[in-house]
Amino acid sequence: MAEQGVSVTCEGGLDLVGTTHTLFRTPGVATKLENYESSIHGGYRRVNGYTKFGSNQPDGTNTNIEGIFHYALGVVACQGSNIYYSTDGNTWTQLNKDTYQAKTGTVSVTQGSATVTGSGTSFTTEFAEGDDIKINNEVFNVLSITNNTSMTVDGNYAATASSQVIKKNGATAAQLASGSTIARTNQSDCKFALYEGESQYGELFIVDGNNKPAHLKIEVASGTYTYYFKEVQRSAPEKSKYATIFSERLIVAGDSDNPQVVSYSTRLKPEDFTGASAGTIDVGDKIVFVKPFRNKLIVFCENSIFQISGLDATATVSGVTKNIGCISGNTVQEIGGDLIFLAPDGLRTIAGTARIDDIELSSISRKIMPLFRDEVMPYLSQIRFASLVVREKSQYRLFYFRSGVASTIQGGVIGTFKISSTGAGVYEWSSTKGIPAKVVHSGVDVNGSEVLYHASEDGYVYSHDSGNDFDGTNISATYKTPDMDYGDAGIRKTLYYVKTSIRSEGTNNNLKIQCRYDFESNAVAQPDEIAIGALQTPSIFGTGTVFGSAIFGGTLYPQQKTTLTGSGFTNNFRIRSTGTASPYTVSGFYVDFIPAGRT
């Protein structure tokens with residue numbers, strides 16, 4: 001019979017639940033897609049690696065890092081009992097210190113009064129409205145300055161005191177180095193909330209479930225850094241686990257003494273929980289996370305989900321669901337206009353519908369449920385979840401880290417959000433292996449570029465999704481197709497060759513392809529793995545830098561032809577690479593075969 005050919009486009013992502021016959025109709029999906037990502041440009045791309053952020057650990061040891069956040073011009077890392085900051089990962093500055101500096105003269109305050117009276121003071125030259133000051137261990141902000149010896153603060157003093165030193169928050173690097181440490185005892189699974197306000201880079205709040213909320217601010221002028229640090233007082237819950245910004249307030253929840261209570265600060269005063277517009281809400285279930293979504297505050301609990309609104313008037317609470325809870329707040333992210341979270345039955349989304357104030361739930365991980373069944377659910381008590389969104393790739397990444405397990409087998413999943421041909425939003429999934437991400441963070445730097453970080457248990461911060469290897473270790477990636485029948489599973493086919501459409505982002509010669517027949521039956525002779533051959537990125541005219549080193553005349557998605565042997569009624573392909581070469585994208589393939597009889 002004459003030769004025939006079939007083209008297959010790589011699309012659909014990982015499908016672990018499709019039956020044999022349904023997969024015949026969707027040959028572009030994958031039955032294994034490890035250390036690949038579904039590309040928004042089409043095809044399956046081998047993932048990037050990760051590299052150390054600088055050369056040093058924040059505290060110089062392998063103590064666990066319990067939180068990381070991109071802030072100001074660098075990274076904030078919570079390690080041990082301290083909080084550190086670095087712009088390059090080489091030099092780290094400890095931030096959790098007393099940054100209040102004594103100013104000229106002494107002052108007196110009166111219980112129940114907001115007036116500060118000075119003696120020998122210089123209020124008009126040393127202070128400004130909004131400054132954070134401390135007198136007799138009470139902290140307020142300057143509301144107005146009358147003259148050098150009289151000012152008003154934004155709250156009433158709890159105790160009368162005279163001849164007191166007045167201190168202003170803000171320390172230079174030298175002053176910070178000599179400041180006394182404010183220990184952050186037993187920091188664990190730190191959460192961050194950035195209140196943008198009017199300061200240069202916003203104000204960063206940090207909670208960990210064991211300490212008072214930390215309040216951090218950094219300002220930079222002409223290369224000179226000024227650091228501000230304190231622990232939030234003014235009736236703030238002292239052991240909050242979760243924090244966010246909503247309705248121009250700091251929201252905290254998960255205090256071990258009141259795990260079902262949401263507390264919110266005074267409007268426009270995130271460090272003040274005493275004002276008339278501050279308050280608390282009891283939702284009646286143990287809270288595991290809080291997250292703003294459109295004009296609502298979504299409260300994720302162990303067995304239910306609620307939404308809160310109306311903090312500027314009368315706060316209202318309504319149920320989203322009382323039948324589904326969230327396994328871990330570390331899985332909650334916003335992407336594609338939805339909130340994703342891990343429920344007991346897999347990953348779900350909370351979506352705002354076309355109807356005003358309506359919310360709907362949907363499941364998005366059905367195709368990879370066997371992965372959760374085998375790799376996640378049996379180990380829930382041992383797992384520390386971490387998730388982030390890679391906005392440039394429309395990706396949700398979830399990692400399930402297990403302490404004491406080798407880095408090479410730490411797992412995760414990647415979901416790429418795409419718009420289908422019918423206009424519906426869909427997720428195409430793949431898996432990761434070898435990325436030990438215990439804590440992660442994605443943010444945007446001052447230039448508007450996306451920055452991604454993660455940390456494990458070795459005390460280092462890593463630049464996530466960066467480089468061509470896993471911090472010097474080979475990246476092993478495998479893509480496996482379902483068995484394909486080319487329209488008729490009853491006809492034996494002798495395969496002649498396959499042309500694989502692969503675009504490399506650099507030189508890559510470690511790709512191999514293997515053809516397996518009849519569901520990899522032992523009764524059928526199975527061919528060996530074959531090297532695909534060297535791949536190089538074709539150059540675009542005008543982009544070369546060294547004469548004679550560029551390759552012109554190539555296509556962006558060249559087809560690599562591989563001669564095949566053997567025959568069968570069905571077959572699958574496996575493409576595999578191991579090494580430190582550049583990423584590449586497999587966009588599809590063409591299979592040439594000769595049909596035989598029905599034997």
Side-chain angles (χ1 to χ4, degrees), residues 66-67 139 155 158 184-195 203-215 230-332 339 341-343 350 359 385:
E66 293 294 336
V139 174
R184 305 287 293 171
T185 306
N186 297 323
Q187 289 185 116
S188 177
D189 200 5
C190 299
K191 300 293 190 296
F192 302 83
L194 182 63
Y195 181 82
E203 302 166 46
L204 188 62
F205 293 87
I206 308 172
V207 297
D208 60 28
N210 293 308
N211 298 280
K212 294 179 180 179
H215 182 190
K230 65 180 178 181
E231 292 187 322
V232 180
Q233 300 176 14
R234 302 179 79 166
S235 298
E238 294 189 359
K239 300 177 183 177
S240 298
K241 292 182 180 179
Y242 315 110
T244 191
I245 303 299
F246 174 71
S247 192
E248 299 177 308
R249 295 168 169 85
L250 173 63
I251 311 292
V252 295
D255 189 291
S256 57
D257 294 330
N258 295 286
Q260 77 287 356
V261 172
V262 175
S263 300
Y264 53 95
S265 73
T266 304
R267 181 175 175 270
L268 299 177
K269 293 184 178 181
E271 76 280 10
D272 182 8
F273 286 76
T274 63
S277 59
T280 60
I281 298 172
D282 190 328
V283 298
D285 192 5
K286 184 176 180 180
I287 298 170
V288 300
F289 205 66
V290 288
K291 180 79 172 179
F293 182 57
R294 302 185 181 181
N295 62 340
K296 309 288 185 183
L297 177 68
I298 305 299
V299 183
F300 293 89
C301 302
E302 285 189 342
N303 303 297
S304 54
I305 302 173
F306 298 90
Q307 56 182 337
I308 295 174
S309 60
L311 296 189
D312 290 329
T314 301
T316 60
V317 182
S318 58
V320 175
T321 175
K322 294 186 178 180
N323 301 315
I324 298 173
C326 178
I327 286 179
S328 170
N330 290 346
T331 66
V332 179
L339 288 183
F341 69 99
L342 181 61
I350 292 179
I359 295 289
F385 290 101

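Position 1 is the first residue of the sequence, and the numbers go up from there. In this text the structure is predicted, and so the values were computed from the model without any measurement.
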*Asks:* Is it true that, when you exclude Gln260 itself, more than 12 heavy atoms of the residues, nucleotides or ligands shown sit nearer than 6.0 Å to its CD?
*Replies:*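 Counting other residues, nucleotides and ligands, CD of Gln260 exceeds 12 neighbours.
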
*Asks:* Between Asp208 and Asn211, is there a side-chain donor-acceptor contact under 3.5 Å, judged purely by atom types and distance?
*Replies:*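 Looking only at side-chain atoms, Asp208 and Asn211 do form a donor-acceptor pair, the distance falling under 3.5 Å.
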
*Asks:* Determine whether Ile245 and Leu250 satisfy the following criterion, side chain to side chain contact (heavy atoms under 4.5 Å, CB included), listing intermediate values before the conclusion.
*Replies:* CA-CA 5 Å; Ile245 303 299; Leu250 173 63; 4.0 Å; yes

*Asks:* Can you confirm whether the side chains of Ser277 and Thr266 place a donor and an acceptor under 3.5 Å from each other?
*Replies:*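 No donor-acceptor contact under 3.5 Å links the two side chains.
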
*Asks:* Which pair of non-hydrogen atoms, one from Glu271 and one from Arg234, has the smallest distance, and what is that distance?
*Replies:*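 Scanning both residues, the minimum pair turns out to be O-CB, 3.8 Å.
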
*Asks:* Under the side-chain hydrogen bond (donor to acceptor under 3.5 Å, both in side chains) test, which residues partner Asn303, sequence neighbours left out?
*Replies:*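 Testing Asn303 for side-chain hydrogen bond (donor to acceptor under 3.5 Å, both in side chains), a comparison that skips the adjacent residues, returns none.
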
*Asks:* Looking only at heavy atoms, which two atoms of Val207 and Ala243 are closest? And how far apart?
*Replies:*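 Reported closest heavy-atom pair: CG2-CB, 3.8 Å.
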
*Asks:* Side chain to side chain contact (heavy atoms under 4.5 Å, CB included) between Thr331 and Cys326: does it pass, once the steps are laid out?
*Replies:* CA-CA 9 Å; Thr331 66; Cys326 178; 4.1 Å; yes

*Asks:* Can you list the residues that meet the side-chain hydrogen bond (donor to acceptor under 3.5 Å, both in side chains) rule with Ser256, with sequence neighbours excluded?
*Replies:*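 Ser256 satisfies side-chain hydrogen bond (donor to acceptor under 3.5 Å, both in side chains) with no other residue.
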
*Asks:* Once rounded to the nearest 0.5 Å, what's the spacing between atom NZ of Lys291 and atom CZ of Phe246?
*Replies:*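 Separation between the atoms: 13.0 Å.
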
*Asks:* Hey, mind stepping through Lys241 and Asp189 against side chain to side chain contact (heavy atoms under 4.5 Å, CB included) and telling me if it holds?
*Replies:* CA-CA 8 Å; Lys241 292 182 180 179; Asp189 200 5; over 6 Å; no

*Asks:* Do Ser263 and Thr280 come within less than 4.5 Å of each other through their side chains, counting heavy atoms only?
*Replies:*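 Contact flag for Ser263/Thr280 side chains = yes.
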
*Asks:* With rounding to the nearest 0.5 angstrom, report the CD to OG distance, Glu302 to Ser328.
*Replies:*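 With rounding to 0.5 Å, CD (Glu302) is 11.0 Å from OG (Ser328).
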
*Asks:* With the side chain counted from C-beta on, respond yes when Val332 and Phe293 share a heavy-atom pair under 4.5 Å apart, and no when they do not.
*Replies:*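 They are not in contact (no side-chain heavy atoms under 4.5 Å apart), so the answer is no.
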
*Asks:* In the structure I gave you, are the side-chain heavy atoms of Leu339 and Phe300 within less than 4.5 Å of one another anywhere?
*Replies:*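 Counting from C-beta outward, Leu339 and Phe300 do come under 4.5 Å.
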
*Asks:* Is there a side-chain contact between Leu297 and Val262, using heavy atoms and a 4.5 Å cut-off?
*Replies:*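 Yes. Closest side-chain heavy atoms under 4.5 Å.
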
*Asks:* Could you tell me if the side chain of Phe306 sits less than 4.5 Å from the side chain of Val290, heavy atoms only?
*Replies:*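 Heavy-atom side-chain distance check fails, nothing below 4.5 Å.
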
*Asks:* Evaluate side chain to side chain contact (heavy atoms under 4.5 Å, CB included) for Phe205 paired with Thr244, printing each intermediate quantity in order.
*Replies:* CA-CA 9 Å; Phe205 293 87; Thr244 191; over 6 Å; no

*Asks:* Do you know which of Lys239, Lys212, Arg184 makes salt bridge (charged side-chain N to carboxylate O under 4.0 Å, His left out) with Glu231?
*Replies:*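 Only one option passes, and that is Arg184.
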
*Asks:* Got a second to check how far Ser309's OG is from Arg294's CZ, nearest 0.5 Å?
*Replies:*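 So the OG of Ser309 and the CZ of Arg294 are separated by 14.5 Å.
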
*Asks:* Could you check whether atom NZ of Lys191 has more than 12 heavy atoms from other residues, nucleotides or ligands sitting under 6.0 Å from it?
*Replies:*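 Result for NZ/Lys191: enclosed.
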
*Asks:* Counting C-beta onward and ignoring hydrogens, is there a side-chain heavy-atom pair between Arg249 and Leu311 closer than 4.5 Å?
*Replies:*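 Yes - at least one pair of side-chain heavy atoms lies under 4.5 Å apart.
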
*Asks:* Rounded to the nearest 0.5 Å, what separates atom CD in Glu66 from atom CG in Asn210?
*Replies:*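 Those atoms lie 10.0 Å apart.
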
*Asks:* Could you measure the distance from the NZ atom of Lys230 to the NE2 atom of His215? Nearest 0.5 Å is fine.
*Replies:*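 Taking NZ in Lys230 and NE2 in His215, the distance rounds to 5.5 Å.
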
*Asks:* Would a 4.5 Å heavy-atom cut-off, applied to side chains only, mark Ile298 and Ile305 as touching?
*Replies:*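 When only atoms from C-beta onward are counted, Ile305 and Ile298 do touch, with a gap below 4.5 Å.
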
*Asks:* Taking side chain as C-beta onward, heavy atoms only, is Asn258 less than 4.5 Å from Pro237?
*Replies:*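 No, every pair of side-chain atoms sits at 4.5 Å or beyond.
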
*Asks:* Kindly give the heavy-atom pair with the smallest separation between Ser265 and Pro270, and that separation in Å.
*Replies:*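 So the two residues come closest at OG-CA, 3.4 Å.
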
*Asks:* Looking at Tyr242 and Ile287, what are the two nearest heavy atoms and their distance?
*Replies:*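 In terms of heavy atoms, the two residues are closest at CE1-O, 3.4 Å.
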
*Asks:* How many angstroms lie between OG1 in Thr274 and CD in Gln233, if you round to the nearest 0.5 Å?
*Replies:*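 Here the rounded value is 11.5 Å.
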
